[in-house]
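Computed from a predicted structure; not experimentally measured.
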Amino acid sequence: MMRIGEVAVLIAVVMAMPAEGRSQTPVSGAAEKALLADIADGRLDDMSLVEAGLVASGVVWTEDLGRFRPRVEALVEAARVAAGEGATRERARRVFEWLHRDVLERYELHGVDLPGVLNDGRYNCVSATLLFNGLLEALDIRAAAILVPSHVYSVVQAGNQWIEVETTSPRGFAPARTLDEYKRFLKDRNLGGAAVRLEGSVEVENPALIQEIQGTRARVDNRVLVALVYSNIGVARLRDRDPEGALAAFSKASTVGGGIRRFRESRDAMINNLTWNLLQEGRYDDAVEMIDRARTIEDLTRNLRGRLDEWTIYAFHRKGMALVDAERFVQARDWLLVGLRRYPEQDVLRNNLEVCYTRHVSRLLDANRVREGLAVAGEGLGAFAPVPPTVGHNYAVAVQRVVQRMQTAEGRVADGLATARSCLSEGQRRGLTGSALDLLRFQVAIATFRSKDWPAAVRLFRDGVVEGLTGDRWRQNYVSALVNLSGEAVTGGTDAGLELLVEGAAILEGDGDVLGALWRVVLTSAKRLGEQGKAGRGIRLIEDTAALGLPRGDGELLRGIYVTWTAEAARAGDRGRCLAVAAEGMGAFPEDEAIRNNYEYCLDL
């Protein structure tokens, strides 16, 4: 019985032929021209199926095809011996078993060319089915093919029955057909892309797969197997960056296959599976390039065009996140931006880019590279419209870190304030809202606080408190700014900021610190007016403040109010007012000597 090695010399001759003799280009050799003429009526009349498969595989010159005929004849004879006598089913089964034992050695997804099968036993579903059916044809056993989008296999007629034969598996004669088994089979044969669809970036089961098992499986003529050889070669040309060769092969496939819909589906399934395998291998750039070349095929089915979009988005998503996880943030950003230019409405890619910017800024800030962090965060604002909350928040945090360093570590208080204001303006221009905008406003307020412009700081924090911005920090810093404002006024001996203090006391509803700050300014101002001979104005200042209905506090603050009030009334010579206030004060502080002395002084007026 002949073995594959016996034809090695013949194959070597073929493989050594000049490139123009083997490549699938629009110019055909004589044998290929003969094939295309023979099959023009939809049948193979002059060539056998195996010879047609050899021609489609690249043996396009008549003399080279002639060198294969002895090997083909020897294979037919070996198959005849293997088949023996008996029922058709058993004869076909024995040929199938012999084929897997002596000819077919290992499955390869792209093992479509028959010279490759004969040379070293590489095969795929197309080449195995074509060779099996061609040998049965020579033994007068009728066989056809079942073509589904993801796969092709043989069916053999035995009486009134058609027996399915999975030619890629040594156990494939009349196999069980369940969905789970079929999915496992596709995965083992690198055809797993047929089992998957995408919803966003999530892989889900492809509902069309069920139809391949449970739907109607129509038989197709064996000439379609020849068309599939061309089609497989076309896919290989796409993979090898030869789009012109691919289009030429697809054109021949369409001519040989008669343009039937199932053939187009099968071709598209091959492109789909090749793309899926590239994705599974992490070859995302190759997958996208492969898809772009496939788009040049004019008669792609609508289904594949949709799936190519899915795979492209998936490639941008998977590579983008792989780069982010590897902290190669610049490359991830550039890759994802290319994807978003293609698919600007794809939320999954926008989310990936958001994660990229967020992690990049966080890593820079963690490394104390705050200015770089702010630069990247600012770039992130420009990459989105509208700006996602996390990107906006990262920008605000980066601003906080930069301004804090400028004002505290570097002593550049004015520059820090200018930076905070500029970044707030940029955030507003980019449409930031919510917590990100609040944090930017807070940075301007706190930078103003550090610059000791107390009136401006008071107004900024007041606005935050009045607007109900979240967090105690707005209220706490409002109080601190008011206290510092009052301290400056007391030190300077002025009533500057008194209106802001009165407003603050009302807004903060009797906050003890603010009340104390307010009354310190009021009393200091009243004393200053008294020393200037304007004690009457000082008393009115005290009384106007008291008339606001604000709490006067208690303890030392309230005692100080009574002491200053009675002293200024005495200074003004207003005996009645002095006695009334002193009496009230003594009621509250009966042991206080200063209030009593003022009272006694007023008695002598």
(message) Pairing donors with acceptors under 3.5 angstrom, does anything connect the side chains of His317 and Gln346?
(response) no
(message) Less than 4.5 Å apart, side chain to side chain, heavy atoms only: is that true for Leu300 and Ile271?
(response) yes
(request) Decide if atom CZ of Arg43 counts as having more than 12 heavy atoms of other residues, nucleotides or ligands within a radius under 6.0 Å. (result) no
Pair up each side-chain donor or acceptor in residues 338-345 with any protein partner under 3.5 Å, not counting sequence neighbours, and list the distances.
from: Arg342; atom 1: NH1; to: Asp292; atom 2: OD1; distance (Å): 3.0
from: Arg342; atom 1: NH2; to: Asp292; atom 2: OD1; distance (Å): 3.4
from: Arg342; atom 1: NH2; to: Asp292; atom 2: OD2; distance (Å): 2.7
from: Tyr343; atom 1: OH; to: Arg295; atom 2: NH2; distance (Å): 3.2
from: Tyr343; atom 1: OH; to: Asp309; atom 2: OD1; distance (Å): 2.8

(request) Enter the distance from Leu109:CG to Asn232:CG here, rounded to the nearest 0.5 Å. (result) 8.0 Å
(message) Is the shortest side-chain heavy-atom distance between Arg363 and Glu327 below 4.5 Å?
(response) yes
(message) For the backbone of Ala377 and the side chain of Asn394, can you confirm whether one donor and one acceptor N or O come within less than 3.5 Å of each other?
(response) no
(message) Test your reading of the model: is there a side-chain donor-acceptor pair from Arg223 to the backbone of Ile39, 3.5 Å cut-off?
(response) no
(request) Identify the two heavy atoms, one from Leu228 and one from Val112, that lie closest to each other, and give their separation to 0.1 Å. (result) O-CG2, 4.4 Å
(request) Search all heavy atoms of Tyr357 against all heavy atoms of Ala383 and return the closest pair with its distance. (result) CE1-CB, 3.8 Å
Would you tabulate the side-chain donor-acceptor contacts of residues 126-134 under 3.5 Å, counting partners in other chains and residues two or more places apart, or write 'none'?
from: Ser127; atom 1: OG; to: Gly111; atom 2: O; distance (Å): 2.8
from: Ser127; atom 1: OG; to: Asn124; atom 2: N; distance (Å): 3.0
from: Ser127; atom 1: OG; to: Asn124; atom 2: O; distance (Å): 3.4
from: Ser127; atom 1: OG; to: Asn124; atom 2: OD1; distance (Å): 3.3
from: Thr129; atom 1: OG1; to: Cys125; atom 2: O; distance (Å): 2.7
from: Thr129; atom 1: OG1; to: Thr167; atom 2: OG1; distance (Å): 2.6
from: Asn133; atom 1: OD1; to: Ser154; atom 2: OG; distance (Å): 2.6
from: Asn133; atom 1: ND2; to: Ala144; atom 2: O; distance (Å): 2.8
from: Asn133; atom 1: ND2; to: Asn222; atom 2: OD1; distance (Å): 2.9

(message) Closer than 3.5 angstrom, by distance alone: can the side chain of Asp242 be matched with the main-chain N or O of Gly245 as a donor-acceptor pair?
(response) yes
(message) Measuring centre to centre across the rings, with the benzene-like ring taken for any Trp, is His393 within less than 6.0 Å of Tyr395?
(response) no
(message) Among residues at least two apart in sequence or on other chains, which ones pass salt bridge (charged side-chain N to carboxylate O under 4.0 Å, His left out) with Arg430?
(response) Glu426
(request) Using the side-chain contact (heavy atoms from CB on, under 4.5 Å) rule, take Gln157 and Thr88 through it: C-alpha gap first, then chi angles, then the decisive distance, then the call. (result) CA-CA 8 Å; Gln157 187 176 31; Thr88 300; over 6 Å; no
(request) For Arg89, enumerate each residue passing the salt bridge (charged side-chain N to carboxylate O under 4.0 Å, His left out) test, keeping only those at least two apart in sequence or located in another chain. (result) none
(request) Supply the atom-to-atom distance Glu281 CD to Arg283 CZ, rounded to the nearest 0.5 angstrom. (result) 5.0 Å
(message) For Trp311 and Tyr314, take the angle between the two ring planes, folded into 0 to 90°, and tell me which bin it lands in: parallel under 30, tilted 30 to 60, perpendicular over 60.
(response) perpendicular
(request) Check step by step if side-chain contact (heavy atoms from CB on, under 4.5 Å) holds for Arg67 and Asp64. (result) CA-CA 5 Å; Arg67 294 189 183 100; Asp64 299 317; 2.3 Å; yes
(request) Output the distance between atom CG (Leu136) and atom CZ (Phe96), rounded to the nearest 0.5 Å. (result) 10.5 Å
(request) State plainly whether the residues Arg293 and Glu289 are in salt-bridge range, i.e. N to O under 4.0 Å. (result) yes
(request) Using a strict cut-off of less than 4.0 Å between a Lys/Arg side-chain nitrogen and an Asp/Glu carboxylate oxygen, indicate whether Arg93 and Glu90 qualify as a salt bridge. (result) yes
(message) Could you measure the distance from the CG atom of Leu308 to the CG atom of Asn272? Nearest 0.5 Å is fine.
(response) 7.5 Å
(message) Checking the side chain of Asp46 only, and the main-chain atoms of Asp38 only, is there a donor and an acceptor separated by less than 3.5 Å?
(response) no
(request) Could you pull out all residues at least two apart from Glu372 that satisfy salt bridge (charged side-chain N to carboxylate O under 4.0 Å, His left out)? (result) Arg369
(message) In the structure I gave you, are the side-chain heavy atoms of Phe316 and Thr312 within less than 4.5 Å of one another anywhere?
(response) yes
(request) Might you confirm whether atom CZ of Arg106 has over 12 heavy atoms from other residues, nucleotides or ligands at distances under 6.0 Å? (result) yes
(request) Grab the two heavy atoms, one from Ala82 and one from Trp98, that are nearest each other, plus how far apart they are. (result) CB-CB, 3.6 Å
(request) May I ask you to test the Asp334-Gln331 pair for a side-chain heavy-atom distance under 4.5 Å? (result) no
(message) If you compare all heavy atoms of Leu432 against all heavy atoms of Gly392, which two are closest, and at what distance to 0.1 Å?
(response) CD2-CA, 3.9 Å
(request) Give a yes or no on whether a salt bridge exists between Lys252 and Glu32, defined as a side-chain N under 4.0 angstrom from a carboxylate O. (result) yes
(message) What I'd like to find out is whether the side chain of Ile141 reaches to under 4.5 Å of the side chain of Glu137, using heavy atoms alone.
(response) no
(request) Hey, could you give me the CD/CG distance between Glu354 and Leu336, rounded to the nearest 0.5 Å? (result) 12.0 Å
(request) Test side-chain contact (heavy atoms from CB on, under 4.5 Å) on Tyr153 and Leu147 and set out the steps. (result) CA-CA 7 Å; Tyr153 51 91; Leu147 178 62; over 6 Å; no
(message) With heavy-atom distances below 4.5 Å as the criterion, would you say the side chains of Val156 and Arg142 are in contact?
(response) no
(request) Identify the two heavy atoms, one from Val95 and one from Ala79, that lie closest to each other, and give their separation to 0.1 Å. (result) CG2-O, 3.6 Å
(message) Less than 4.0 angstrom from a charged side-chain N to a carboxylate O is my criterion; do Arg122 and Glu105 meet it?
(response) no
(message) For a side-chain contact (heavy atoms from CB on, under 4.5 Å) check, start with the C-alpha distance between Arg359 and Val355, then their side-chain angles and the critical distance, and finish with the verdict.
(response) CA-CA 6 Å; Arg359 290 194 192 172; Val355 171; 3.5 Å; yes
(request) May I have all residue pairs that pass salt bridge (charged side-chain N to carboxylate O under 4.0 Å, His left out) and include part of residues 375-387, sequence neighbours excluded? (result) Arg333-Glu379
(message) Nearest 0.5 Å, please: how far is CZ in Arg69 from CG in Leu54?
(response) 9.5 Å
(message) Could you tell me if the side chain of Tyr123 sits less than 4.5 Å from the side chain of His100, heavy atoms only?
(response) yes
(request) Output yes when a side-chain donor or acceptor of Glu97 lies under 3.5 Å from a complementary backbone atom of Arg94, and no otherwise. (result) no
(message) Atom CD of residue position Gln161 - does it have more than 12 heavy atoms of other residues, nucleotides or ligands inside 6.0 Å?
(response) no
(request) Check whether any side-chain heavy atom of Val324 sits under 4.5 Å from a side-chain heavy atom of Asn352, and report yes or no. (result) no
(request) Would you name the heavy atoms of Cys356 and Phe329 that are closest together and state the gap between them? (result) SG-O, 3.4 Å
